[in-house]
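Worth saying up front: this structure is predicted, and the values here are computed from it rather than measured. Just so it is clear, the values below take in all heavy atoms, side chains as well, and ignore hydrogens, waters and symmetry mates. All chains are named by letter (A, B, ...) in the order of the sequence lines, taking the proteins before the strands, and each is independently numbered beginning at 1.
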2 protein chains.
Amino acid sequence: MPTACADCPLRCQPMFQPMNAGEVAFMQAFKSSEVEVAAGQVLLWEGQSSPWLYTVLRGQGLRSKSLPDGERQVVNFVFPGDFLGLQSGVMGEMKHSVEATTDMTLCRFERNELWRVFRDQPARAFDLTYLAATEEHFLGEALLTLGQRDATSRLAWALLRLWRRAVATGMQGPRGVPLPWRQRDLADALGLSLVHTNKTLARLRILGAAHWSGGYLAVPDPARLAELAQEEDGASTPRPLF
Amino acid sequence: MPTACADCPLRCQPMFQPMNAGEVAFMQAFKSSEVEVAAGQVLLWEGQSSPWLYTVLRGQGLRSKSLPDGERQVVNFVFPGDFLGLQSGVMGEMKHSVEATTDMTLCRFERNELWRVFRDQPARAFDLTYLAATEEHFLGEALLTLGQRDATSRLAWALLRLWRRAVATGMQGPRGVPLPWRQRDLADALGLSLVHTNKTLARLRILGAAHWSGGYLAVPDPARLAELAQEEDGASTPRPLF
DNA sequence: CGGGCAATTGAACAATGTCAAATTTTGTGG
DNA sequence: CCACAAAATTTGACATTGTTCAATTGCCCG
């Protein structure tokens, strides 16, 4: 039995904006089904159009692009609450692939229905634009990171970001937060070689800034990590959940 | 006397989608004024909210972000037809700065009126989302470039992109297309040092792939440049002009 | 117990960054 | 139009970060 939007376990998390009853009802009607995908599955293919859009209900994944010669760039990591397929929805095709890293549960929407959001729900359309702007913001930060930070700062920045996002999504447990990706994925996200990524992670571990092993990330002192990342720590504002 | 939207010199360029009469009329009403800014002026400040949004009518500029220690990342270059300030419009503050590289002419809109677009003009709201998705797409490409391409490919990629955009905007002249930025700006955009950028540009010149001097860029053989950039050359689809 | 992927480590090497100085171009005032 | 100052480009020598190669170890799962 699919999760009812009224009972959405994500919307009550502090990182998401509240939604009024009318909006919840609209989302419920807009949601066409709920699907499970296994770890390793590709949900959306770079260059392809998709008849569906998704919101992540459970699980983690990653977005990536490739060069003709096969080099891969991880563009972002996917968490519960993320909206997938907007590019395909508005531009006609995806500009990156999305794959599941863990098993995932997704709320599925029909692309054909997207225009109804703009026609009938201006506030929700605004939120969609907000989400696109948020992604743009993130990619700008990532670009700044690859362009101007050294390897240690890059890793610190990435781990801090993953940490904060996981915590804000309510994923923190006794062993820290789940980080199901491989060192290769982090390396491909940060434009570093696997070997250098490994050695730099060891350094962060020795510094006591971040311990990532066994699929879990522990950050004993986020402020220390933020310092290494050359980040000022500001509380992030809640964003819409679609 | 400000340019009337009906006579907009940009909309007839091939890179922009056509607009129907009703939309032109709406844009005309939405446009609150036309402003001139001098080269070097900052239009929008990172971290600040802005009461205005802009469309570039004439001139070039750049978007950039900074690290606390002062390192600068150029996030994109600005051309006629670009929409500025959307982040501030939807998220409340700019996540990067925008400055004029040459003198510019801008169509100015009131941020307070933005909600009217979503309420009254769903098709235009859709276009706004499209623009945000386009920017997201570009930043993903840039991230791929910084993460996976070497210096030569990065420069080739950047020059090819600037070339194509300038040509599609109708800026090609006998000396090539205007490229009013400094080597420092390119270096800051690509995460390379100024010196290395300079030497790599010299290499591209010797290879006959791109000649940039005196503020103009000439590309005798775009296919050659695309090859160096590891890019497959596809025709880009027209995008909305706001 | 064995196979395979992921993580780890060391050593040699290459790409790119830094420093410093010369040269060219650009802008400005007279 | 010229002279001068400031900014941008160019070049060479050298330092460093990060990459590549190669081998080893650890771990999960059948």
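A centroid separation of 6.0 Å or more is found between the aromatic rings of B/Phe83 and B/Trp52. A ring-centre distance under 6.0 Å is found for A/Trp181 and A/Phe79.
The side-chain contact (heavy atoms from CB on, under 4.5 Å) test with A/Asp185 singles out one residue from A/Thr197, A/Leu62, A/Leu179, and that residue is A/Leu62.
Protein atom CZ of A/Arg205 is 10 Å distant from nucleotide atom P of C/dA7, rounded to whole Å. Rounded to an integer number of Å, the gap from CG of A/Asp185 to C1' of C/dA7 is 14 Å. One interatomic measurement links the two molecules: CD of A/Gln148 to C1' of D/dT17, which rounds to 15 Å at whole-angstrom precision. With rounding to whole Å, A/Arg182 atom CZ is found 11 Å from D/dC28 atom P. Here the P atom of nucleotide D/dG26 and the CD atom of A/Gln183 are 16 Å apart, to the nearest Å.
B/Glu141 is listed as a side-chain neighbour of B/Glu231, based on a closest heavy-atom distance under 4.5 Å.
Of the residues in residues 211-220 of chain B, none has a non-hydrogen atom less than 4.0 angstrom from any atom of DNA chain C.
We find that A/Arg63 and A/Glu99 are not joined by a salt bridge, their nearest charged nitrogen and carboxylate oxygen being 4.0 Å or further apart. Using a cutoff of 4.0 Å between basic side-chain nitrogens and carboxylate oxygens, B/Arg184 and B/Asp188 are scored as salt-bridged. The pair A/Glu36-A/Arg58 meets the salt-bridge criterion, with a side-chain N (NZ, NE, NH1 or NH2) lying under 4.0 Å from an Asp/Glu carboxylate O.
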In B/S/- notation (B base, S sugar-phosphate only, - none; protein heavy atoms under 4.0 Å), nucleotides 13-18 of chain C written 5' to 3' is ---SSB
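Contact between the side-chain N/O atoms of A/Asn198 and the OP1/OP2 oxygens of C/dT8 is found at a separation under 4.0 Å.
The aromatic rings of B/Phe138 and B/Trp157 sit parallel to each other, their planes meeting at less than 30°, with 60° as the upper class boundary.
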